[in-house]
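The structure under discussion appears below in the form of structure tokens.
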Amino acid sequence: MPEPEHELCPVVVIMGVAGSGKTTLARALAAHLGWTFIEGDDFHSAANSAKMAAGQPLDNSDRRDWISALTKFIRTRREPCIVSCSALNAVVRGWIADGLGHAPAYILLDGPAALLQERLTARRGHFFDPALLGSQSATLEPPDEAHRIDISLPTQEQLRLAIAALAAVS
Ligand SMILES: Nc1ncnc2c1ncn2[C@@H]1O[C@H](COP(=O)(O)OP(=O)(O)O)[C@@H](O)[C@H]1O
Ligand SMILES: O=C(O)[C@H](O)[C@@H](O)[C@H](O)[C@H](O)COP(=O)(O)O
């Protein structure tokens, strides 16, 4: 049975393509607010991670169970959460809203492809193949309601903008 509206905890999703800085900003924002940080990538199946590591993009049929596992976990926490999740297209965001029982607030990290490529190529210890950036950008459907933050800014400045954006909507 769905929870009553007043029992739903606030959820903010930091979204964007791979390498845009979702995890970095989400961690900083969660630490600043004292909210729980949730890494969306932790909920991929081994098959999804292997597919991306092999340089093959996910499609929405691969994303369905991932989003279901992620939203179930968020609901079990029953506390305000900052989530790092690419949430690239409207279908995925529809599943997120259905899974949570409400639409979260979105902050979209976006910026130039060259900088994304540079950051992905330099990143270590992550399964994602930087060659998939083109397909990520092609899949991205930016939501009108998202607050946009430029990836070129230092994390501290992004944090300041994210706090201001959330204050304006709460
Ligand atoms: N604002 C920033 N300025 C400079 N480097 C950043 C910034 N945000 C993230 N990075 C670096 O870029 C890379 C990708 O960031 P990450 O948070 O893993 O992105 P995502 O979670 O979107 O894939 C990491 O090496 C990270 O340290
Ligand atoms: O942080 C990252 O590098 C990305 O988020 C990456 O891990 C991947 O893009 C998604 O988790 C998979 O799903 P999508 O193809 O839906 O972005």
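Order of appearance sets the numbers: ligands from 1, and atoms from 1 within every ligand.
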Specify the closest pair of heavy atoms between Trp95 and Asn60, including all atoms of both residues, with the distance to one decimal. CH2-O, 3.3 Å
For atom 4 (C) of ligand 1, grab the closest protein heavy atom and report residue, atom and distance to one decimal in Å. Arg119 NH2, 3.2 Å
Quick one: nearest non-hydrogen protein atom to atom 1 (N) of ligand 1, plus distance? Leu153 O, 2.9 Å
Hey, which atoms in ligand 1 end up nearer than 4.0 Å to a heavy atom of Gly19? 14 (C), 19 (O), 20 (P), 22 (O), 23 (O)
Let's go through Gln158 and Ile14 carefully: what are the C-alpha distance in whole Å and the side-chain angles of both, what is the deciding distance for side chain to side chain contact (heavy atoms under 4.5 Å, CB included) to 0.1 Å, and is it a yes or a no? CA-CA 11 Å; Gln158 293 178 341; Ile14 311 296; over 6 Å; no
Phe37-Ile74 co-clustered via ILVMFWY side chain contacts under 4.5 Å: no
May I ask you to list the atoms of ligand 1 that are less than 4.0 angstrom from any heavy atom of Thr23? 17 (O), 21 (O)
Only one of Val12, Val13, Leu161, Ile82 forms a side chain to side chain contact (heavy atoms under 4.5 Å, CB included) with Ile107, so which one is it? Val12
Show the atoms of ligand 1 that are less than 4.0 angstrom away from any heavy atom in Lys22. 17 (O), 19 (O), 20 (P), 21 (O), 22 (O), 23 (O)
Atom 19 (O) of ligand 1: nearest protein contact (heavy atom, Å): Gly21 N, 3.0 Å
For Ala54 and Asp129, which heavy atoms make the closest approach, and how far apart are they? C-OD2, 4.4 Å
Give me the atom names and distance for the closest heavy-atom approach of Lys22 to Gly16. NZ-O, 3.2 Å
A student comparing Gln136, Arg123, His126 should find that the heavy atom closest to atom 23 (O) of ligand 1 comes from Arg123
So, Arg119 side chain and Ile151 main chain: donor-acceptor pair closer than 3.5 Å or not? yes
Heavy-atom pair of closest approach, residues Pro57 and Ser135: CB-OG, 3.2 Å
Option with minimal heavy-atom separation from atom 9 (C) of ligand 1, where the choices are Leu120, Thr24, Thr155: Thr24
How close do Leu159 and His32 get, heavy atom to heavy atom, and via which atoms? CD1-CB, 4.2 Å
What atoms of ligand 1 come closer than 4.0 angstrom to any heavy atom of Gln158? 1 (N)
List ligand 1 atoms under 4.0 Å from Val17, heavy atoms only on the residue side. 22 (O)
Any side-chain heavy atom of Cys85 sitting closer than 4.5 Å to one from Ile67? yes
Are Ile38 and Leu166 linked, directly or through intermediate hydrophobic residues, by side-chain heavy-atom contacts shorter than 4.5 Å (ILVMFWY only)? yes
Non-hydrogen atoms closer than 4.0 Å to ligand 2: which protein residues do they belong to? List them by chain and number, please. Ala18, Lys22, Asp41, His44, Met52, Leu58, Arg63, Trp66, Ser86, Leu88, Arg123, His126, Phe127, Phe128, Gln136
Distance under 4.0 Å to a non-hydrogen atom of Ser20: what atoms of ligand 1 satisfy this? 19 (O), 22 (O)
